[in-house]
Amino acid sequence: MPEDTKKVDMEKIVSLCKRRGFVFQSSEIYGGLASCWDYGPLGVELKRNIKDFWWKKVVQERDDMVGIDASIMMHPKVWEASGHVAGFSDPLVECKNCRMRFRSTDIDTSACPNCGGQLTEPRMFNLMFKTFMGPVEDAASIVYLRPETAQAQFVNFDNVQSTTRKKLPFGIAQIGKSFRNEITTGNFIFRTREFEQMEIEYFVKPGSDQQWFDYWVKQRLDYYVSLGIKRDNLRLREHGKEELAHYARCCYDVEYNFPIGWSEIEGIANRGDYDLTRHSKFSGKTLDYFDEEKSERYVPYVIEPSSGVDRSLLAVLCDAYDEEPADKETRVVLHIKPEIAPIKVAVLPLSRNAKLLPKSKEVHDMLRPHLMTQYDDAQSIGRRYRRQDEIGTPFCVTIDFDSLDDNQVTIRERDSMQQERVPVAELLDRLKSKFSF
Ligand code: GAP
């Protein structure tokens with residue numbers, strides 16, 4: 001395997017995430033809650049940066065895309081129309097001996113993988129979380145936590161089209177939490193029951209759908225490379241007919257070469273006119289498009305690139321992680337794209353000497369309105385550089401005793417470990433020039 005595609009152990013990523021405050025187990029002091037995770041101070045920054053990057057690429061930089069932020073709970077009829085009540089199920093088998101449950105498609109033996117016991121016949125298990133709205137727990141008050149964000153784009157199609165006056169093709173983007181009562185979870189934040197999605201529903205004229213599908217497959221693969229992920233660690237996989245979701249005509253997954261093997265980070269599906277047609281039928285409201293040029297009405301087809309925030313974040317961490325020899329020891333470094341890194345600049349006085357404090361504070365105060373910074377004066381400068389490398393901070397700024405005389409500081413770059421001396425007056429512009437946004 002080429003040097004730059006070697007894989008990191010998942011345990012090292014999990015351990016780094018906990019040790020440095022990227023991701024903690026949910027409710028840890030109570031023993032944890034299975035498959036639920038909390039993003040800590042660094043994790044929340046990284047996650048926000050990934051979401052902002054996606055939004056910038058798919059909404060801000062495009063004329064043909066707008067965003068929404070819809071409510072997680074929707075009218076229960078939405079999920080009947082979407083086909084999720086009837087069809088969003090996995091085949092569940094249970095061990096008659098140890099009572100462990102599995103998705104039958106995940107196991108290739110007829111005996112329990114845990115204890116060898118006899119398994120029950122598969123029964124379909126609906127993955128939607130059900131709850132009740134209001135004080136009465138009866139059938140009339142059932143609502144679901146959405147298992148995908150996409151349905152809000154469909155049911156708001158007319159609202160968005162008429163208020164923005166967008167012409168086809170155009171898309172509606174949304175980022176938000178989704179919930180699935182997965183039978184089996186695991187591999188850290190890869191498969192959880194509560195997760196976040198970044199979804200585009202791109203509406204096109206029927207007949208042009210294949211062309212737009214091909215376009216989005218390429219766009220999305222390029223997007224992950226621009227997020228800083230190595231091209232060699234990405235691939236596309238076409239779904240076989242038997243694994244297509246109930247709404248999909250065809251689907252490609254973007255897969256990342258995770259420590260657990262090649263696995264999906266995004267699905268790109270051609271949903272045809274399935275969703276708009278079903279919602280028209282179930283709601284009684286027409287959801288179509290009037291093509292002024294052709295003077296005709298039709299129901300648009302939908303191309304859907306649907307990405308997972310948590311899986312993208314895990315891919316970014318796995319891809320960026322490295323252990324390198326440095327000064328007769330090994331440094332752990334995250335080569336995260338600088339724009340995505342949780343902390344952009346660390347401000348490090350050479351020591352805690354009181355004489356360095358005013359200048360160090362002055363530099364920190366100057367930078368922090370513009371860039372996410374961290375101030376650290378504990379332990380030796382070498383250890384502090386290592387600490388910043390380990391969390392992927394692309395630049396450290398060091399204030400030393402010469403700085404007090406010449407008003408210059410040192411910028412140290414994470415990947416090359418090269419240092420350059422710059423006047424404080426030029427520091428902010430110099431640092432800003434190192435980020436493309
Ligand atoms: N609207 C289409 C849809 O939801 P999907 O392939 O089921 O398609 C899209 O999900 C993305 O959401 C996946 O590629 C993955 O990144 C993320 N995802 C789905 N289920 C997940 C889970 N249980 N845990 C974490 N991420 C999940």
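Ligands are counted one by one from 1 in listed order, and the atoms in each one are counted from 1 as well. Reckoned from all heavy atoms, side chains included, excluding hydrogens, waters and symmetry mates. None of the values given here were measured: they were computed from a predicted structure.
For atom 17 (C) of ligand 1, the closest non-hydrogen atom of the protein is Gly308 CA, 3.8 Å. The shortest contact between atom 18 (N) of ligand 1 and any protein heavy atom is with Phe195 CE1, 3.6 Å.
For ligand 1, the atoms closer than 4.0 angstrom to any heavy atom of Ile265 are 14 (O), 16 (O). Within ligand 1, counting atoms from 1 as listed, the ones closer than 4.0 Å to a heavy atom of Arg191 are 23 (N), 24 (N). Ligand-side atoms of ligand 1 in range of Glu264: 6 (O), 13 (C), 14 (O), range being under 4.0 angstrom from any heavy atom. Contact atoms of ligand 1 toward Glu266: 14 (O) (distance under 4.0 Å to a heavy atom of the residue). Below 4.0 Å from some heavy atom of Glu148 lie the following atoms of ligand 1, by number and element: 1 (N), 2 (C), 3 (C), 4 (O).
Residue-to-ligand polar distances keep Ala150 apart from ligand 1: every N/O pair is separated by 3.5 Å or more. Looking at Glu304 next to ligand 1, an N or O pair under 3.5 Å apart turns up. Taking distance alone, with nitrogen or oxygen atoms compared against 3.5 Å, Thr192 approaches ligand 1 more closely than that limit.
Aromatic rings from Phe53 and Phe437 are positioned such that their centres are separated by under 6.0 Å.
The closest approach between Arg271 and ligand 1 falls below 4.0 Å for a heavy atom of the residue. The closest approach between Tyr247 and ligand 1 falls below 4.0 Å for a heavy atom of the residue. Not a single heavy atom of Asp310 sits under 4.0 Å from any atom of ligand 1.
Looking at Arg193 against ligand 1, nothing comes within 4.0 Å, counting heavy atoms. Contact annotation: for His239 versus ligand 1, there are no heavy atoms closer than 4.0 Å. At a heavy-atom cutoff of 4.0 Å, ligand 1 is contacted by the side chain of Arg311 but not by its backbone.
The residue from Arg180, Gln197, Glu199 that puts a heavy atom closest to atom 20 (N) of ligand 1 is Arg180. For atom 11 (C) of ligand 1, the nearest non-hydrogen atom from the set Ser306, Gly267, Ser263, Ala315 comes from Ser306.
Glu148 and Gln197 are not linked by any side-chain donor-acceptor pair at a separation below 3.5 angstrom, with hydrogens and angles left out of the test. Side chain to side chain, Tyr298 and Asp291 meet the donor-acceptor criterion of an N or O pair below 3.5 Å. A side-chain donor-acceptor contact under 3.5 Å links Glu266 and Tyr224. Residues Thr185 and Glu182 have side chains that never bring a donor and an acceptor to within less than 3.5 angstrom of each other. Asn49 and Glu45 share no side-chain donor-acceptor pair at under 3.5 Å. Thr184 and Asp106 are linked by a side-chain donor-acceptor pair at a separation below 3.5 angstrom, with hydrogens and angles left out of the test.
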Atom pairs and distances, donor-acceptor, side-chain atoms in residues 19-27, under 3.5 Å, two or more places apart:
from, atom 1, to, atom 2, distance (Å)
Arg19, NH1, Ser15, OG, 3.0
Arg19, NH2, Glu390, OE2, 2.4
Arg20, NH1, Arg387, O, 3.0
Arg20, NH1, Glu390, OE1, 3.0

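Other residues, nucleotides and ligands place no more than 12 heavy atoms under 6.0 Å from the NZ atom of Lys77. Counting non-hydrogen atoms of other residues, nucleotides and ligands closer than 6.0 Å to CD of Glu61 gives a total above 12.
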